[in-house]
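Every value quoted in this text rests on a predicted model; they were computed, and no experiment measured them.
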Amino acid sequence: FPKRLGRPLAFEDNLFDTIIACEILEHISFQDIPIALRELQRVTKNKVVISVPRARASINFLCKISIPYFSKLFRFGISIPYSWFTSKPESASHPEHCWSIGRKGYPQKRFEHLIKNYFIIEEIFIDKLDSSHIFFILSKKNC
């Protein structure tokens, strides 16, 4: 998608079973997100997986406990909203990004509201070891 989305995707309707759009939507203006979502809905038969950046600072831990006959690997992380410790605009840390979830004016609920116009949100996933990305597993909403 170009920064200002001005043309449709060059694919037929319902061409793909599943579309994966990882780390691309934040490169277009937030006002053009509905156009991008509409195009993704148009060219998919069923599913879309979207990943966008999440403005968070995180501390991650990986621990292994070894007991005879039992060994377990534990993962956990602590995520802190980015806005708690910086007031930098998006362009200062990622000049190629137009927006990201958690920055001022872009709460997760606002993005979810846009998604719900075109898709059913099946699952929202944030990896415990890298909380800087959020994944949306979507099903096509038939219009």
Check whether Arg54 reaches the backbone of Ser131 with its side chain - one donor and one acceptor, N or O, closer than 3.5 Å.
yes
For the atom pair NE2 (His27) and CG (Asp32), what is the distance rounded to the nearest 0.5 Å?
14.5 Å
Centres of the Phe119 and Phe136 rings: under 6.0 Å?
no
Which heavy atom in Pro107 sits nearest to a heavy atom in Ile101, and how many Å separate them?
O-CD1, 4.4 Å
Between Glu39 and Leu9, is there a donor-acceptor pair closer than 3.5 Å when you use the side chain of the first and the backbone of the second?
yes
What pair of heavy atoms forms the shortest contact from Ser51 to Glu26, and how long is it?
O-OE1, 4.3 Å
What distance separates Glu112 CD from Ile124 CD1, expressed to the nearest 0.5 Å?
3.5 Å
Decide whether Phe135 and Leu138 are clustered together by the hydrophobic rule: side chain heavy atoms of Ile, Leu, Val, Met, Phe, Trp, Tyr closer than 4.5 Å, transitively.
no
Using the test side chain to side chain contact (heavy atoms under 4.5 Å, CB included), find all partners of Ile137 that sit at least two apart in sequence or belong to another chain.
Val49, Glu122, Glu123
Look at the side chain of Gln41 and the backbone N and O of Lys141, then say whether any donor-acceptor pair between them is shorter than 3.5 Å.
yes
Between atom CD1 of Ile126 and atom OG of Ser132, what is the distance when rounded to the nearest 0.5 Å?
10.5 Å
Considering all heavy atoms, the nearest Ser29-Cys98 contact
N-SG, 3.9 Å
ILVMFWY network linking Ile50 to Leu114, side-chain heavy atoms under 4.5 angstrom
yes
Between the side chain of Arg110 and the main-chain N/O of Gly105, is any donor-acceptor distance below 3.5 Å?
yes
Hphob cluster co-occupancy, Ile120 + Leu40, side-chain heavy atoms under 4.5 angstrom
no
Can you say whether the rings of Trp99 and Phe111 are parallel (under 30°), tilted (30 to 60°) or perpendicular (over 60°)?
tilted
Are Ile121 and Ile33 linked, directly or through other ILVMFWY residues, by side chains that come within less than 4.5 angstrom of each other?
yes
For a quick test of your reading: what N or O donor-acceptor pairs under 3.5 Å do the side chains of residues 10-20 make, sequence neighbours left out?
residue : atom : partner : partner atom : Å
Asp13   : OD1  : Arg42   : NH1          : 2.6
Asn14   : OD1  : Lys140  : NZ           : 2.3

